[in-house]
**Student:** 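Please read through the structure below; I'll follow up with questions.
Since the structure is predicted, the reported quantities are computational estimates derived from the model, not experimental observations. Index from 1, following the sequence.
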Amino acid sequence: YVEKDATASGAYAASGNPTIGGTFGAGAPVVTIPPIVPSNYRDRANYILRGNGNVEDSLGNVLATSPPDEFSGWKRSGSTWDFSGNTGTNGTYYIEGRAKISGNPGSSADPWRVTIIATGSVEISGNPKIRYNTPGLLIVAGGDLKISGSPNQSMLGYFLVHEQLELSGNPSLVGAIVI
């Protein structure tokens, strides 16, 4: 369900039976949107998960080194940091590379307070219950954003995506998506 509009100046494709409360489809007028550049948001991070497996705090203090390429429920494999657990440390994470949340962190009564800023794509699957940690900002993706599964309406915040968006399953998002 989209309360307002779902439009694109270029290609637009919908499958299944989405409900859109406003205008939808391709051929919308072009609107200039500033580029989505994750590094512009890096100064908001509490934790920096580096591409080499190290983790630092916002002051540059080393919190974890590689190996084991793990930190507070996050585990790195190649260029992807994956959170597959059910309990996460609240904070704003700047991730060098791809970010993946495949676990079920948070609950309706106590959502995981997290903001993900990734230089690569972001993928969310499973049933996480999350809200933004940095006021208003939930996801910044330097690549694509893919959300599948059934994350509930507690996924609250702005979603800023540099490339493409794919939604499948039954996600319910509250906020705005800028692509």
**Student:** Looking at every heavy atom in both Thr119 and Pro38, which two are closest together, and how far apart are they?
**Tutor:**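 Nearest pair, atom of Thr119 first, then Pro38: CA-CG, 4.0 Å.
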
**Student:** Under a single-linkage definition using a 4.5 Å side-chain heavy-atom cutoff for Ile, Leu, Val, Met, Phe, Trp and Tyr, are Tyr132 and Tyr94 assigned to the same hydrophobic cluster?
**Tutor:**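 No; Tyr94 is not reachable from Tyr132 via cluster members.
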
**Student:** Using modelled atom types only, decide if a donor and an acceptor are shared between the side chain of Ser77 and the backbone of Thr80 within a distance under 3.5 Å.
**Tutor:**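 No, because the side chain of Ser77 does not come within donor-acceptor range (under 3.5 Å) of the backbone of Thr80.
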
**Student:** Using side-chain heavy atoms (C-beta onward) and a distance below 4.5 Å, is Tyr158 in contact with Val178?
**Tutor:**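 No, their side chains stay 4.5 Å or more apart.
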
**Student:** Is it possible for you to say whether Ile116 and Ile177 belong to one hydrophobic cluster, with membership spreading through side-chain heavy-atom contacts below 4.5 Å?
**Tutor:**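 Yes; tracing contacts between hydrophobic side chains, which count when under 4.5 Å, links both residues.
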
**Student:** Flag the pair Ile36 / Val140 as yes when at least one side-chain heavy-atom distance between them is below 4.5 Å, and no otherwise.
**Tutor:**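 A side-chain contact under 4.5 Å exists here.
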
**Student:** What's the separation between atom CD in Glu3 and atom CD1 in Ile20, rounded to the nearest 0.5 Å?
**Tutor:**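 The CD1 atom of Ile20 is 13.0 Å from CD of Glu3, to the nearest 0.5 Å.
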
**Student:** Looking only at non-hydrogen atoms, find the nearest pair between Gly97 and Ala118 and report the distance.
**Tutor:**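 Minimum heavy-atom separation between Gly97 and Ala118: O-CB, 3.6 Å.
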
**Student:** Indicate if Leu63 and Phe83 have the same hydrophobic cluster label, given that clusters are the connected sets of ILVMFWY residues with side-chain heavy-atom separations under 4.5 angstrom.
**Tutor:**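 Result: yes, single cluster for both.
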
**Student:** Within the 4.5 Å heavy-atom criterion, are Ile147 and Ile139 side-chain neighbours or not?
**Tutor:**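 Contact flag for Ile147/Ile139 side chains = no.
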
**Student:** Pro171 and Ser168: which non-hydrogen atoms are nearest, and at how many Å?
**Tutor:**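 Nearest heavy atoms, Pro171 then Ser168: CD-O, 3.1 Å.
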
**Student:** I'd like to know if Leu138 and Trp112 are part of one continuous hydrophobic network [Ile/Leu/Val/Met/Phe/Trp/Tyr, side-chain heavy atoms within less than 4.5 Å].
**Tutor:**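 Yes; Leu138 is reachable from Trp112 via cluster members.
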
**Student:** Hey, can you pull the donor-acceptor pairs under 3.5 Å for the side chains in residues 46-54, sequence neighbours left out?
**Tutor:**
{"unit_1": "Asn46", "atom_1": "OD1", "unit_2": "Thr92", "atom_2": "N", "d": "2.7"}
{"unit_1": "Asn46", "atom_1": "OD1", "unit_2": "Asn133", "atom_2": "ND2", "d": "3.3"}
{"unit_1": "Arg50", "atom_1": "NE", "unit_2": "Glu56", "atom_2": "OE2", "d": "3.1"}
{"unit_1": "Arg50", "atom_1": "NH1", "unit_2": "Glu96", "atom_2": "OE2", "d": "2.5"}
{"unit_1": "Arg50", "atom_1": "NH2", "unit_2": "Glu56", "atom_2": "OE1", "d": "3.1"}
{"unit_1": "Asn52", "atom_1": "OD1", "unit_2": "Asn54", "atom_2": "N", "d": "2.9"}
{"unit_1": "Asn54", "atom_1": "OD1", "unit_2": "Ser66", "atom_2": "N", "d": "2.9"}

**Student:** Hey, what do you get for NZ (Lys75) to CD (Glu70), rounding to the nearest 0.5 Å?
**Tutor:**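 Rounded to the nearest 0.5 Å, the NZ-CD separation comes to 4.5 Å.
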
**Student:** Check salt bridge (Lys or Arg N to Asp or Glu O under 4.0 Å) between Glu163 and all other residues, then give those that pass, not counting sequence neighbours.
**Tutor:**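 Glu163: no salt bridge (Lys or Arg N to Asp or Glu O under 4.0 Å) contacts found.
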
**Student:** Looking at every non-hydrogen atom in both residues, tell me the closest pair between Ile33 and Ile179 and how far apart they are.
**Tutor:**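 So the minimum-distance heavy-atom pair works out to CD1-O, 3.8 Å.
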
**Student:** Between Trp74 and Tyr93, does the ring centre distance come in under 6.0 Å?
**Tutor:**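 Centroid separation for Trp74 and Tyr93: below 6.0 Å.
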
**Student:** Does Ser121 use its side chain to pair, donor to acceptor, with the backbone of Gly143 at less than 3.5 Å?
**Tutor:**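 Here the side-chain-to-backbone pair does not exist.
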
**Student:** Rounded to the nearest 0.5 Å, how far does CZ of Arg98 lie from CG of Asp144?
**Tutor:**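 Interatomic distance, Asp144 CG to Arg98 CZ, rounded to 0.5 Å: 9.0 Å.
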
**Student:** Do Trp81 and Val114 land in one hydrophobic cluster if side-chain heavy atoms of ILVMFWY residues count as linked below 4.5 Å?
**Tutor:**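 Shared cluster, yes.
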
**Student:** If I take atom CG from residue Asp57 and atom CG from residue Leu59, how far apart are they, to the nearest 0.5 angstrom?
**Tutor:**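 If we round to the nearest 0.5 Å, Asp57:CG and Leu59:CG are 5.0 Å apart.
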
**Student:** Ser9 and Val30: which non-hydrogen atoms are nearest, and at how many Å?
**Tutor:**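 Scanning both residues, the minimum pair turns out to be CB-CG2, 3.8 Å.
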
**Student:** For the pair Leu160 and Tyr41, evaluate side-chain contact (heavy atoms from CB on, under 4.5 Å) and give the outcome as yes or no after the intermediate values.
**Tutor:** CA-CA 11 Å; Leu160 307 179; Tyr41 300 89; 3.3 Å; yes

**Student:** Provide the closest heavy-atom pair for Gln164 versus Val161 in the form atom of the first, atom of the second, distance.
**Tutor:**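 Looking at all heavy atoms of both residues, the shortest contact is O-CG1, 3.3 Å.
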
**Student:** With rounding to the nearest 0.5 Å, note down the distance linking CG in Asn127 to OG in Ser107.
**Tutor:**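 The distance works out to 13.0 Å.
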
**Student:** Would you find a donor on one side and an acceptor on the other, under 3.5 Å apart, between the side chain of Asn90 and the backbone of Arg113?
**Tutor:**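 Flag set: sc Asn90 to bb Arg113 pair under 3.5 Å.
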
**Student:** Report yes or no: do Asp82 and Ser102 form a side-chain donor-acceptor pair below 3.5 Å?
**Tutor:**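 Yes, a side-chain donor-acceptor pair sits under 3.5 Å.
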
**Student:** Are the side chains of Thr115 and Arg44 in contact, using a 4.5 Å heavy-atom criterion?
**Tutor:**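 No - every pair of side-chain heavy atoms lies 4.5 Å or more apart.
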
**Student:** Donor-acceptor pair, Asn86 side chain versus Asn104 backbone, under 3.5 Å?
**Tutor:**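 Yes.
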
